[in-house]
Q: 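The structure's right below; bear with me while I get my questions together.
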Amino acid sequence: MSTNDNTETPDKPTESVDFIRSIVAKDVASNKHGGHVVTRFPPEPNGYLHIGHAKSICLNFGIAAENNGKCHLRFDDTDPTKEDVEYVESIQHDVKWLGFDWGDNLFHASDYFPRLYDFAVELVKKGKAYVCDLSLEHMRMMRGTVKEPGQASPNRDRSVAENLDLFARMRNGEFDEGSKTLRAKIDMAHPNMLMRDPPLYRIRKTPHYRQGDKWCIYPMYDFTHCLSDSLEDITHSICTLEFENNRAVYDWVLDTLETKARPHQYEFARLNLSHTVMSKRKLLQLVREGLVDGWDDPRMPTIAGLRRRGVTPEAIRTFCEQIGVAKANSMVDLVQLEFSIRDDLNRRVPRVMAVLRPLKVVIDNYPAGDGEDLEATNYPDDPPKMGSRKVPFSKILYIEESDFMEDPPKKFFRLAPGQEVRLRWAYLITCTHIVKDDSGKVIEVHCSYDPETRGGNAPEGRKVKGTIHWVSAQHAVDAEIRLYDRLFSVAKPDAEEDFKKAINPDSLETITAKVERSLRDAKPGERFQFERQGYFCRDSEITDRLVFNRTVALRDSWAKMVKSGTT
RNA sequence: UGGGGCGUAGCCAAGUCUGGUAAGGCACCGGUUUUUGGUACCGGCAUUCCCAGGUUCGAAUCCUGGCGCCCCAACCA
């Protein structure tokens with residue numbers, strides 16, 4: 001038997017990585033692309049980023065960082081009818097806020113328009129692209145169906161010279177919108193519909209938010225994306241599953257143009273989260289129809305919404321790591337996100353006391369007057385970490401309505417007639433009697449306190465099972481509290497006939513609470529744990545009064561017991 | 001017999017190429033600690049991998065045949 005310490009390599013299980021990281025690792029090991037790794041996050045600036053994008057951002061920037069590579073931020077801005085600077089600004093802000101840095105690598109597909117045009121001319125010269133006169137409807141008719149081959153365009157065999165001339169004139173604005181397109185010449189009978197001579201350029205007499213009216217023809221996704229990747233020396237072009245069919249076009253363009261850099265596309269399953277919607281169209285609808293308060297409504301799955309709600313970038317990043325990257329369509333339960341949020345906030349925010357639904361408590365044997373200041377620890381699990389504060393105590397207090405029951409079940413450890421409870425950081429009190437109003441509602445709870453228990457310390461041998469939070473009535477300040485809950489009451493709003501009918505009517509409840517004095521100085525965006533309630537964040541937009549947003553509630557095993565009837 | 005993908009626990013997800021006897025996380029259920037019914041910690045939770053055959057000493061992994069779900073017929077990305 002050896003007495004040596006653990007110098008042998010422990011038999012720890014190897015960290016499993018996702019299939020994309022495996023491919024990247026293999027490529028680095030085999031020195032493909034010279035051992036370099038360059039990825040990119042390519043949003044179209046036509047909407048706000050949401051947590052689904054965060055998954056892609058974490059993947060792309062993460063892989064680059066892990067391999068000493070780079071990740072470009074590239075705006076895929078080739079449709080002037082939908083894009084806007086408002087979106088490019090919000091996207092940059094959100095990516096930065098999430099904690100990622102693209103350095104000098106900020107690009108716009110629209111900056112490649114001249115080079116893309118040259119590539120298109122080259123394709124024409126190779127006899128691999130042609131100008132087509134078919135209308136949108138006509139082209140659709142001739143494309144065939146998934147089971148039947150398509151028909152060739154009457155213009156498919158135009159001469160190179162004529163195509164060159166026509167394409168140049170398209171660029172010069174000589175033709176009407178929709179009257180002509182430049183199409184790849186691939187195979188009208190190809191089983192992959194996307195390979196049936198896909199349009200590469202269309203005429204759009206719309207100014208571009210960045211290029212102004214320099215162009216009246218715009219390249220399409222299938223032509224732009226692969227070439228942009230190649231131009232930027234991207235090594236691994238990572239996108240979502242719905243682009244799997246596009247990979248054939250991606251490869252065709254790069255191979256027939258014989259570009260120097262040869263990136264490859266890999267697809268993973270996009271994030272679906274329960275109890276919310278993620279499509280830009282539906283999100284936009286919620287905003288436009290006033291069903292939510294804007295893109296940054298704390299109920300929205302947008303990065304802006306999560307931020308305003310009080311979620312940290314770290315929580316979003318660990319969430320994205322936890323859910324993994326694979327190819328199976330799946331739906332992640334919202335509780336998984338909530339876990340990541342709590343797990344992060346638990347370790348980093350100070351605890352304070354706030355009474356959401358106040359019930360008056362009178363300590364009959366406590367002297368009237370200004371009371372006294374008591375010491376409260378900001379972070380009980382590691383007191384030195386966040387220090388402590390003074391909280392004022394006096395004869396009249398507020399406690400949570402739910403912390404008192406006149407006729408409690410056996411396992412109710414809070415306040416009840418004759419029952420003793422600890423006031424957090426203060427004293428042990430015992431309920432002596434109660435006062436009701438005409439309707440029979442309890443409006444005042446009278447208690448006696450034990451002066452020997454200052455600070456909440458129970459004397460030797462005395463067991464107090466319950467500890468509740470409180471605020472001093474004369475010192476507490478009013479605050480508006482917004483209690484947010486899931487936006488939809490069903491797990492899959494997308495599966496509903498009308499997703500808007502599935503909106504949770506209780507997704508927002510606004511109340512006025514009594515919060516401890518120290519919260520007067522909370523800064524916009526500052527986060528706290530309201531003890532025994534949840535994590536809250538002072539609203540960053542409304543600052544003329546105290547408004548707190550509930551980020552997420554604490555786990556509540558008492559509520560669980562009540563619900564399951566085990567009390 | 002259009003093509004391209006996917007199917008492992010209530011939810012994510014390793015493992016599949018290179019058969020050796022089902023990682024991890026969330027949720028859930030017990031227990032310990034606790035001045036938050038929070039946190040932390042400990043333990044439990046798939047005799048079985050969509051189904052049916054086959055190969056093999058041995059199959060989630062290989063073979064054959066089914067079934068189910070997703071994507072593709074925008075001059076969107």
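Within every chain, numbering begins at 1; the chains are lettered A, B, ... in the order of the sequence lines, protein sequences first and strands thereafter.
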Q: Write down the distance separating the P atoms in B/C26 and B/G38, rounded off to the nearest Å.
A: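 Rounded to whole Å, the distance is 16 Å.
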Q: Quick one, A/Phe536 and A/Ile481 - any side-chain contact, counting heavy atoms below 4.5 Å?
A: yes
Q: Side chains of A/Phe319 and A/Val311, heavy atoms from C-beta outward: is any pair under 4.5 Å?
A: no
Q: Hunt down the Watson-Crick or G-U wobble partner of B/A74, both distances under 3.5 Å, from any strand shown, or write none.
A: none
Q: When the C1' atoms of B/C62 and B/U16 are considered, how many whole Å apart are they?
A: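 After rounding to an integer number of Å, I get 10 Å for this pair.
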Q: Pairing check on B/C69: which nucleotide meets the Watson-Crick or G-U wobble criteria with it, both distances under 3.5 Å?
A: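 Its partner is B/G5.
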Q: Closest nucleotide of RNA chain B for A/Val332 versus for A/Phe243: which of these residues is on the 5' side?
A: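 Checking each residue's closest nucleotide, the 5'-ward one belongs to A/Val332.
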Q: Taking atom C1' in both B/A23 and B/A60, what distance in whole Å separates the two?
A: 14 Å
Q: Output yes when at least one side-chain N/O atom of A/Arg342 is less than 4.0 Å from OP1 or OP2 of B/A40, else no.
A: no
Q: A/Ser557 has a side chain; which of B/C75, B/G38, B/G2 sits nearest to it?
A: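 The answer is B/G38, which lies nearest to the side chain.
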Q: Check whether the aromatic ring of A/Trp558 stacks on the base of B/G37, taking stacking as ring centres less than 5.5 Å apart and planes within 30° of each other.
A: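 Stacked: ring centres under 5.5 Å, planes under 30°.
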Q: Need the pair for B/U21. Rule: Watson-Crick or G-U wobble, both distances under 3.5 Å, any strand; none if unpaired.
A: none
Q: Tell me whether the OP1 or OP2 atom of B/C11 has a side-chain N or O from A/Ser330 closer than 4.0 Å.
A: no
Q: Searching all strands shown, indicate the nucleotide that pairs with B/U64 (Watson-Crick or G-U wobble; both distances under 3.5 Å).
A: B/A52
Q: Side chains of A/Arg351 and A/His469: any donor to acceptor distance under 3.5 Å?
A: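 Result is no, nothing qualifies.
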Q: List in chain and number order the residues that pass ring pair (Phe, Tyr, Trp, His ring centres under 6.0 Å) with A/Tyr398, two or more places apart in sequence or in another chain; answer none if no residue qualifies.
A: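 A/Tyr398 satisfies ring pair (Phe, Tyr, Trp, His ring centres under 6.0 Å) with no residue once adjacent residues are dropped.
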Q: Determine the Euclidean distance between corresponding P atoms of B/C50 and B/U8; express it in Å to zero decimal places.
A: 6 Å
Q: Is A/Arg202 near enough to B/A77 that one of its side-chain N or O atoms lies under 4.0 angstrom from OP1 or OP2?
A: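 Answer yes for this pair, as a side-chain N or O of A/Arg202 is under 4.0 Å from OP1 or OP2.
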Q: With the side chain of A/Phe412 defined as its heavy atoms from C-beta on, choose the nearest nucleotide among B/G2, B/G37, B/A74.
A: B/G37
Q: Under a 3.5 Å cut-off for both distances, is B/U32 Watson-Crick or wobble paired, and to whom?
A: B/A40
Q: Would you say a side-chain N or O of A/Arg347 is under 4.0 Å from OP1 or OP2 of B/U39?
A: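 No.
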Q: Between A/Arg270 and B/C71, does any side-chain N or O lie under 4.0 Å from OP1 or OP2?
A: no
Q: Does A/Arg143 place a side-chain N or O at less than 4.0 Å from the phosphate oxygens OP1/OP2 of B/C75?
A: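 For A/Arg143, the contact criterion (side-chain N or O under 4.0 Å from OP1 or OP2 of B/C75) is met.
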Q: Mapping A/Gly324 and A/Asn346 to their closest nucleotides on RNA chain B, which lands nearer the 5' end?
A: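 Taking each residue's closest nucleotide, the earlier one in sequence belongs to A/Gly324.
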